[in-house]
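One structure below.
None of the values given here were measured: they were computed from a predicted structure.
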Amino acid sequence: MTFSDVKQQIQEHKTLPFYVFVGEEIEVQRIYINKIAESKNQVVKRVDTVAEVVKARSGGLFGQSICFVCRDDMDFQKNEALWDTIESMLNDNTLIYLTTKLDKRSKFYSAFDGVFNNRLVVFDHMTDPVLIKHIKEQINLSTDNCKELIRVCESDYGRILN
């Protein structure tokens, strides 16, 4: 799945209860997390393990649903039995599992990148033309200066914004 697919789901208010975000573009992931939570009127809550999400299946204060965000829980990546049931355990909540790198040969990758269970979204660094467009929306820089900023920040959108 591409992040343009996720963007369309957000616009149509048809987001999924579970996503796996992979990649180094953390700022773009953060933007999408907030948009998903906003579209479902959820509060973003960061947790250390997916087990915490399973324990806290009910909503938050006053029954508001939660968008759980968990990064690099290796126990979850190894627990194949939980992969098939995680969505049914979420009730009205959402889980976004983040990982910087994921081996494409792993069972975890295959489980969530398939035709029937496509939950994996790869967030690679944006191309220079796209970054230039976003930089120019934020500040008034020449194209050459935008290219230099991109080079110095190694195409990382979060660093560019800082």
[Y] and [X], any side-chain heavy atoms less than 4.5 Å apart:
X: K45; Y: V69; answer: no
X: N93; Y: V53; answer: no
X: V121; Y: V22; answer: no
X: L131; Y: S155; answer: yes
X: F108; Y: K78; answer: no
X: F123; Y: E24; answer: no
X: V20; Y: Y109; answer: no
X: L120; Y: L102; answer: yes

If you apply the rule side-chain contact (heavy atoms from CB on, under 4.5 Å), what do you find for I135 with I150, and how did you get there? CA-CA 9 Å; I135 291 169; I150 292 167; 3.7 Å; yes
Are [X] and [Y] an aromatic pair by the rule of ring centers under 6.0 Å?
X: H125; Y: Y157; value: no
X: Y97; Y: Y19; value: no
X: F18; Y: F112; value: yes

L95-I26 co-clustered via ILVMFWY side chain contacts under 4.5 Å: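 No; I26 is not reachable from L95 via cluster members.
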same_hphob_cluster(I96, V43) at 4.5 Å side-chain heavy-atom cutoff: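 No.
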Atom [atom1] in [X], atom [atom2] in [Y]: separation rounded to 0.5 Å?
X: I10; Y: K40; atom1: CD1; atom2: NZ; value: 10.0 Å
X: K133; Y: Q138; atom1: NZ; atom2: CD; value: 11.5 Å
X: E38; Y: Y32; atom1: CD; atom2: OH; value: 13.5 Å
X: E154; Y: I160; atom1: CD; atom2: CD1; value: 10.5 Å
X: K7; Y: I31; atom1: NZ; atom2: CD1; value: 11.0 Å
X: D73; Y: C70; atom1: CG; atom2: SG; value: 4.5 Å

Which atoms form the tightest heavy-atom contact between I132 and K147, and what is the distance?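 In terms of heavy atoms, the two residues are closest at CD1-CG, 3.9 Å.
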Among T49, D48, L98, T99, which residue meets the side-chain contact (heavy atoms from CB on, under 4.5 Å) test with D72?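 Testing each of T49, D48, L98, T99 against D72, the sole residue satisfying side-chain contact (heavy atoms from CB on, under 4.5 Å) is T99.
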Report the C-alpha separation of R159 and E27 in whole Å, then their side-chain angles, then the decisive distance to 0.1 Å, and conclude whether the salt bridge (charged side-chain N to carboxylate O under 4.0 Å, His left out) test is met. CA-CA 9 Å; R159 280 198 222 155; E27 181 62 23; over 6 Å; no
Is there a donor in the side chain of T143 and an acceptor in the side chain of K136, or the other way round, less than 3.5 Å apart?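 Result is yes, a qualifying pair exists.
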Distance-only donor-acceptor check, side chains E25 and Q29, under 3.5 Å: no
One pair to check against side-chain contact (heavy atoms from CB on, under 4.5 Å): V6 and I36. What are the steps and the verdict? CA-CA 9 Å; V6 178; I36 289 169; 4.0 Å; yes
Run the numbers on V50 and I86 for side-chain contact (heavy atoms from CB on, under 4.5 Å), then give the verdict. CA-CA 9 Å; V50 174; I86 190 66; 3.7 Å; yes
Could you tell me whether R151 and E148 make a salt bridge, using a distance below 4.0 angstrom between a side-chain N and a carboxylate O? yes
I'd like to know whether R46 forms a side-chain contact (heavy atoms from CB on, under 4.5 Å) with F68, so could you lay out the CA-CA distance, the side-chain angles of the two residues, the decisive distance to 0.1 Å, and finally the verdict. CA-CA 6 Å; R46 298 202 176 258; F68 292 101; over 6 Å; no
Okay, side chain of D113, backbone of S110: is any donor-acceptor separation there less than 3.5 Å? no
Assess whether atom CG of D103 is packed by more than 12 heavy atoms of other residues, nucleotides or ligands within 6.0 Å.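 Counting other residues, nucleotides and ligands, CG of D103 exceeds 12 neighbours.
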